[in-house]
Structure formats: C-alpha cells, structure tokens
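Working notes, structure below.
In listed order, ligands and their atoms are each counted from 1.
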Amino acid sequence: MLRSALLAASRSPQVRTVVEKFPPTHAIVERFVAGSVLDDAVTACDDLVATGRKVTLDHLGEDTKDAAQAAGTAEAYEHLLKALKETGLAAGAEVSVKLSAVGQFLPVDGEKIALENARRICEAAADAGTTVTLDMEDHTTTDSTLAIARELRADFPWLGIVLQAYLRRTEADCREFSGAGSRVRLCKGAYKEPESVAFQGKHEVDLAYVRALKVLMAGEGYPMIASHDPNMIKIAGQLAQWNNRTRDSFEYQMLYGIRPEEQLRLAGEGNTMRVYLPYGQEWYGYFMRRLAERPANLTFFLRAMATRN
Ligand SMILES: Cc1cc2nc3c(=O)[nH]c(=O)nc-3n(C[C@H](O)[C@H](O)[C@H](O)COP(=O)(O)OP(=O)(O)OC[C@H]3O[C@@H](n4cnc5c(N)ncnc54)[C@H](O)[C@@H]3O)c2cc1C
C-alpha cells in the first residue's frame, strides 16, 4: 500500500512541488545523490574509486518532454565522459542512461531521437575507453528499450542493459541476452506494475530473481548483480562457484548511500563492486523510488518533517 502510494507520488507534479520545497528534503537527498553539478559527481566518483569500488554515473532526469532537453541531456553525458577521460577515472567508471531522458517518450519520432542521442553517448564512452548501461523504466518501455539496445549493440557490443526480475517476461529475456560479451544488470525492479505483467509479493519477486540469475550465471555473458539483498548476494556467490566463474566474469552493484559497509566488504574480498552514483537537479523521481523501497528511509524523512520546527 505504502509502496504504491509513494510510487504514485513519484509521478505527481503536485506532490513534487511540496517535497522539493521542503527544506530538510535536501539533507536527506544528499544521502542518495552525489550533488547537482558535474564537479560534485566527479569528486564523489573519485572518492569511491579510491576505496576500490567502481562506479556507474547517472545524470538524473526522466520523462523528457522536448527534443532540446533530450539533446541537452546527451550533451551533459558527453561532458561527463570527457571529464572521466581527462581525470583518468574512466578506467573505473562508466555511465547509466535512461532512454526517457534522451527522448524516448517524445510524441514525434521519440524512439528515433532516443536512439540518436544514446548513440552520441556511446560514441563519447568509446572515446573515453569506458561503457554505457541503459537503465530500464516501467514495463511500457521494455520492448522499445530492448529494440534500441539491439541496434546499438551492433556498433557497441559492450553496451549493458537492465532486466527487472519482477517482470514475468524477464527469464526469457535473460536467455536472449546471456550470450558471449552480453552485459546484463539484473535488478528486482522499482516501478509500480500491474499483476498482469509483474510478480507482486517480495517472496515471488525474490524467487524470480534467483531464476533469472541462474540463467545469466550459466550463460556466457557478464552478469551484474544489482541488489542490496543479503540473500541475493549470497546466492549469486554460490551460483558463480557452481558455474566455475572467475571473479572478473561478473560484478555486484549497489546504489550510492545504501549499505556502504557491505559494498566495501565485497570489494575487499576481491569482487568487482560498482556503485550507481546519481547526480543532477532532477532528483525527485529517483528519490521517491528509494523511499518506496525501504520504510526506514521513509521514517527518516518523516521524522525530519515532524521536527522541522
Ligand atoms: C545498481 C542498481 C541499478 C538499478 N537500476 C534499476 C533500473 O534500471 N530499473 C529499475 O526498475 N530498478 C533499478 N534498480 C532498483 C532495483 O530494482 C530495486 O528497486 C532496489 O535495488 C531494491 O531492491 P533490492 O534488490 O535491493 O532488494 P529489496 O527487496 O528492496 O531489499 C532486500 C533486503 O536488502 C537489504 N536492504 C535494502 N535496502 C537497504 C538499505 N537501505 N539499508 C540496509 N539494507 C538494505 C535489506 O536486508 C532488505 O530486506 C537498480 C538498483 C541497483 C542497485
């Protein structure tokens, strides 16, 4: 119930105005977001890389409504990738991109515009010597995102995709994308989805995650285990052993600000541990999805609201 309400609020302009104007929000947002400008992102990335973690940077933004804004987002990624190249951080940092931020939902030629902008970002990543992963948004975008990914992978075979275990289709998608060289980030899924397309309860989603992970780990690709769940992390380690995978043939991923000690533990054991690091001014949707995931995050936020005077 609470999760549904928060996810609905993440799409509400009215709630957005209230949350954004509420001063303590910003202190809480800082826990999950590196800052609002490129320099903040580079500094936070540098700090993470210095502790043996890798990074994937997200220039925050989604549901872009006009072509100029979509092109502006692609340009922001080009600047970011140039900065990663110049600072020598590209060896430890890649970027994550939401296709809706680069035009996927535009009413005229949305997919074509998103493909062109994503191509620009991939070219900049290739020039910097790093990679790109396409984030996955709600289920209405899955076919379109995977179609764009297939096109881009013809020229940029290292392009990563995200598959969401809560979707009933995902086990089959994992089979398609488990071939040699294929980089797949497996997450549980963060959007409000109908029962017709997605498993609803935590137990069902966890079981679906394990089934999908089994396919990826047995395949020839590069699985990226994006979860904070101790059970999923343990099972991933076991599956890696059973499939004779070396530590450089898969990686763990977590969100910035979540379970940092566990991130360091996994990295300290010699695993690749990548932190998803968002930055920029469009933090609202991202922040609300984080609140929806974990009641403790919400309690923290509500306590700040209650004590603001
Ligand atoms: C790198 C990365 C990229 C992602 N990209 C996408 C994407 O493209 N599309 C998408 O839909 N979703 C994405 N997500 C979000 C994802 O789908 C989940 O919503 C989110 O990761 C929460 O699921 P979970 O696997 O951590 O498990 P949950 O079921 O949320 O949590 C399980 C357990 O993990 C532990 N845990 C979780 N959070 C915390 C915390 N804050 N502190 C301490 N322990 C905690 C607790 O033990 C908890 O019981 C991404 C997640 C990551 C890590």
Side-chain angles (χ1 to χ4, degrees), residues 2-4 6-7 10-11 28 31-33 48 53-58 60-62 93-101 104 131-142 145-146 149 159-167 169-170 173 183-193 197-210 212-213 223-236 250-266 272-278 285-301:
L2 185 60
R3 178 175 179 271
S4 296
L6 285 163
L7 290 177
S10 76
R11 292 255 152 105
I28 302 159
R31 202 187 130 193
F32 301 108
V33 175
L48 289 165
R53 287 170 279 184
K54 295 202 180 235
V55 176
T56 181
L57 287 129
D58 167 27
L60 287 166
E62 47 201 275
E94 62 135 41
V95 298
S96 286
V97 177
K98 282 190 174 48
L99 287 178
S100 75
Q104 190 179 27
T131 51
V132 178
T133 300
L134 296 182
D135 283 349
M136 191 61 84
E137 299 176 68
D138 72 64
H139 80 279
T140 62
T141 68
T142 311
T145 299
L146 293 183
L159 179 82
I161 57 159
V162 177
L163 294 175
Q164 298 152 313
Y166 66 10
L167 293 186
R169 60 178 286 168
T170 288
D173 288 333
R183 294 171 61 247
V184 177
R185 173 190 298 159
L186 183 66
C187 65
K188 289 188 186 175
Y191 296 81
K192 180 168 158 45
E193 299 288 16
V197 300
F199 301 110
Q200 303 291 314
K202 176 170 163 51
H203 185 59
E204 258 193 321
V205 174
D206 287 357
L207 291 176
Y209 193 99
V210 175
L213 194 54
M224 302 185 278
I225 300 112
S227 178
H228 314 97
D229 190 331
N231 289 330
M232 299 305 122
I233 291 164
K234 203 160 140 194
I235 290 169
F250 68 98
E251 70 181 46
Y252 296 98
Q253 298 190 341
M254 291 190 195
L255 302 176
Y256 180 67
I258 300 186
R259 304 201 72 203
E261 292 84 10
E262 177 67 357
Q263 295 174 12
L264 290 168
R265 185 190 71 80
L266 286 164
T272 301
M273 172 73 239
R274 193 178 298 275
V275 179
Y276 186 101
L277 181 65
Y286 180 86
F287 175 66
M288 293 301 279
R289 287 195 293 279
R290 302 294 78 82
L291 288 189
E293 270 156 21
R294 191 160 168 82
N297 292 338
L298 182 65
T299 311
F300 190 47
F301 181 65

Sorted by chain and number, sequence neighbours left out, ring pair (Phe, Tyr, Trp, His ring centres under 6.0 Å) with Tyr191 holds for none
Sorted by chain and number, the residues that approach ligand 1 to under 4.0 Å with a heavy atom: Asp135, Met136, Val162, Gln164, Arg185, Cys187, Lys188, Gly189, Ala190, Tyr191, Lys202, Ala226, Ser227, His228, Asp229, Pro230, Gln253, Met254, Leu255, Ile258, Arg259, Tyr276, Arg290, Glu293, Arg294
Check whether Tyr286 forms a cation-pi arrangement with Arg289 (NZ or CZ under 6.0 Å from the six-membered ring centre, at most 45° off the ring normal). no
Looking just at side-chain N and O atoms, do Thr272 and Glu251 make a donor-acceptor pair shorter than 3.5 Å? no
Any donor-acceptor N or O pair under 3.5 Å, side chains Glu137, Thr145: no
A side-chain contact here means heavy atoms from C-beta on lying under 4.5 Å apart; do Met273 and Tyr252 qualify? yes
Is the closest side-chain heavy-atom distance between Met232 and Val210 below 4.5 Å? yes
